[in-house]
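Each remark here refers to the structure printed beneath this line.
So that the names make sense, note that chain A is the first sequence line, chain B the second, and so on, each numbered from 1.
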Number of protein chains: 2
Amino acid sequence: MRIGELARKAGTTTRTLRYYEARGLLPARRGENGYRRYDEEDLRLLHQIRLLQDFGFELEETRPFVDCLRAGHPSGDSCPASLDVYRRKLDELDAVIERLRQVREQMGAQLARAELEASAQQPPAPRCELTQAPSGRREQERGPDDDAVE
Amino acid sequence: MRIGELARKAGTTTRTLRYYEARGLLPARRGENGYRRYDEEDLRLLHQIRLLQDFGFELEETRPFVDCLRAGHPSGDSCPASLDVYRRKLDELDAVIERLRQVREQMGAQLARAELEASAQQPPAPRCELTQAPSGRREQERGPDDDAVE
DNA sequence: GTAGACCTTGACCCCGACGTCAACGCCAGC
DNA sequence: GCTGGCGTTGACGTCGGGGTCAAGGTCTAC
């Protein structure tokens with residue numbers, strides 16, 4: 001199959017596939033006309049990459065898994081190198097989560113303190129003019145925003 | 001004081017201070033020679049910025065806090081606009097933490113499964129190597145080299 | 001034989017928070 | 001007056017994972 005079809009099947013874009021190829025992660029054979037040609041095996045590799053990306057892996061970190069699959073193993077994590085990456089990522093993940101948890105805690109305390117002080121000042125009349133909304137209005141739809149975990 | 005001194009006192013760099021000024025976040029007065037001049041108030045503002053940055057705020061998100069301080073309030077979070085940012089960040093934080101927690105869980109399960117499979121295969125002889133599998137090569141032989149990145 | 005869907009490479013753009021020159025001005029001490 | 005350490009602006013680089021043209025080649029259907 002050609003690049004467009006593979007992209008559709010994997011739910012990604014042709015630009016992304018060319019990018020992966022440029023990184024040496026998913027090289028393609030070429031037909032006589034110079035078009036890239038892929039097969040089902042490539043689709044599997046690509047699925048592996050996307051899965052790990054969704055987990056927050058950097059592209060380079062998916063390489064051991066892809067190599068493992070390409071070497072003929074049943075799954076990308078059948079090789080020691082992949083397991084090492086898993087373990088490292090788990091450690092990282094634990095560290096990040098813990099840090100965020102602490103930040104969350106401190107911020108929650110700050111907010112509580114600030115709200116308390118505000119309510120001690122504000123009761124009679126609205127004063128602080130650096131705002132527009134008088135109170136809650138917090139739905140703020142969540143757009144295509146997401147990760148950015150450090 | 002001049003830029004270098006402020007940077008040292010706040011544990012940051014002159015480049016950073018110029019960047020903040022370019023963003024309009026921490027404008028500086030100028031001496032006759034064109035040098036930036038700062039005072040203790042600026043140091044306070046800067047501390048507020050750095051604190052929030054450490055919390056993972058983007059620069060723009062610190063602006064309400066800085067404005068609040070500059071408006072004469074005792075602390076950066078004495079203003080409703082700042083509290084709104086707190087609340088929004090807390091929500092974001094909760095969402096991110098939860099997502100990471102789930103990823104951590106899935107990955108832990110993957111690792112456990114992979115380790116189990118590995119131990120079921122490995123005992124007799126070491127197998128899992130990153131060598132070519134004897135299985136079918138892909139259609140159309142390639143040039144004088146199978147790519148080996150690294 | 002031609003439209004239009006697909007492919008090719010190359011090149012520049014984006015975000016955030018700066019780092020890192022380069023080339024020059026200002027000022028203090030010796 | 002010269003060196004060295006400050007300061008100034010401006011411009012480009014970084015990192016990841018692509019997006020978005022632009023200018024052209026190919027293939028397929030009608």
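- For A:F65 and A:Y86, the ring centers sit closer than 6.0 Å to each other.
- With a 4.5 Å cut-off on side-chain heavy atoms, A:F57 and A:R63 do not count as touching.
- If you chain together ILVMFWY residues whose side-chain heavy atoms come under 4.5 Å of each other, A:L116 ends up in a group of its own.
- Looking at A:E115, its side chain never comes within 3.5 Å of a backbone N or O of A:A112 through a donor-acceptor pair.
- Expressed to the nearest 0.5 Å, how far CD of A:E61 lies from CG of A:D84 amounts to 12.5 Å.
- Heavy-atom distances under 4.0 Å link DNA chain C to B:Y19, B:Y20 of residues 18-25 of chain B, given in residue order.
- At whole-Å resolution of the value, CD in B:E58 and C1' in C:dA17 are 10 Å apart.
- In this structure, B:R87 does not pair ionically with B:E92, as no charged nitrogen and carboxylate oxygen lie closer than 4.0 Å.
- Residue B:R30 contributes atom CZ, which lies 12 Å from atom P of D:dG7 at whole-angstrom precision.
- In terms of modelled atom types and a separation under 3.5 Å, the side chain of A:D67 and the main chain of A:R70 share no donor-acceptor contact.
- In this structure, B:R8 atom CZ and D:dC6 atom P are separated by 7 Å, rounded to whole Å.
- Other residues sharing a hydrophobic cluster with B:L45 under the 4.5 Å side-chain heavy-atom criterion for ILVMFWY residues are B:M1, B:I3, B:L6, B:L17, B:Y19, B:Y20, B:L25, B:L26, B:Y38, B:L43, B:L46, B:I49, B:L59, B:V66, B:L69.
- Using a distance-only test at 3.5 Å, with no hydrogens or angles considered, a donor-acceptor pair links the side chain of A:S82 to the main chain of A:G76.
- Near DNA chain C, defined here as any heavy-atom distance below 4.0 Å, the residues from residues 36-56 of chain B are B:R50, B:Q53, listed numerically.
- Direction of the helix axis in the helix from C:dG1-D:dC30 to C:dC30-D:dG1 shifts by 30° between the two five-pair termini, rounded to 10°.
- A salt bridge between B:D42 and B:R36 is absent, with no side-chain N of the basic residue lying under 4.0 Å from a carboxylate O of the acidic one.
- In this structure, B:E5 pairs ionically with B:K9, as a charged nitrogen and a carboxylate oxygen lie closer than 4.0 Å.
- Rounded to whole Å, atom C1' of C:dG25 lies 15 Å from atom CD of B:E32.
- Distance A:I3 CD1 to C:dT9 C1': 12 Å, rounded to the nearest Å.
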**OP:** Scan nucleotides 19-26 of chain D nucleotide by nucleotide, 5' to 3', and note B when protein non-hydrogen atoms come under 4.0 Å of the base, S if they reach only the sugar-phosphate, - if neither.
**Re:** BB----BB

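- In this structure a side-chain-to-backbone donor-acceptor pair under 3.5 Å is missing from A:T12 to A:A7.
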**OP:** Using the side chain to side chain donor-acceptor pair (under 3.5 Å) rule, take A:Q102 and A:E98 through it: C-alpha gap first, then chi angles, then the decisive distance, then the call.
**Re:** CA-CA 6 Å; A:Q102 288 179 13; A:E98 177 54 20; 3.0 Å; yes

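- As rounded to whole Å, 12 Å separates atom C1' of D:dT8 from atom CZ of B:R2.
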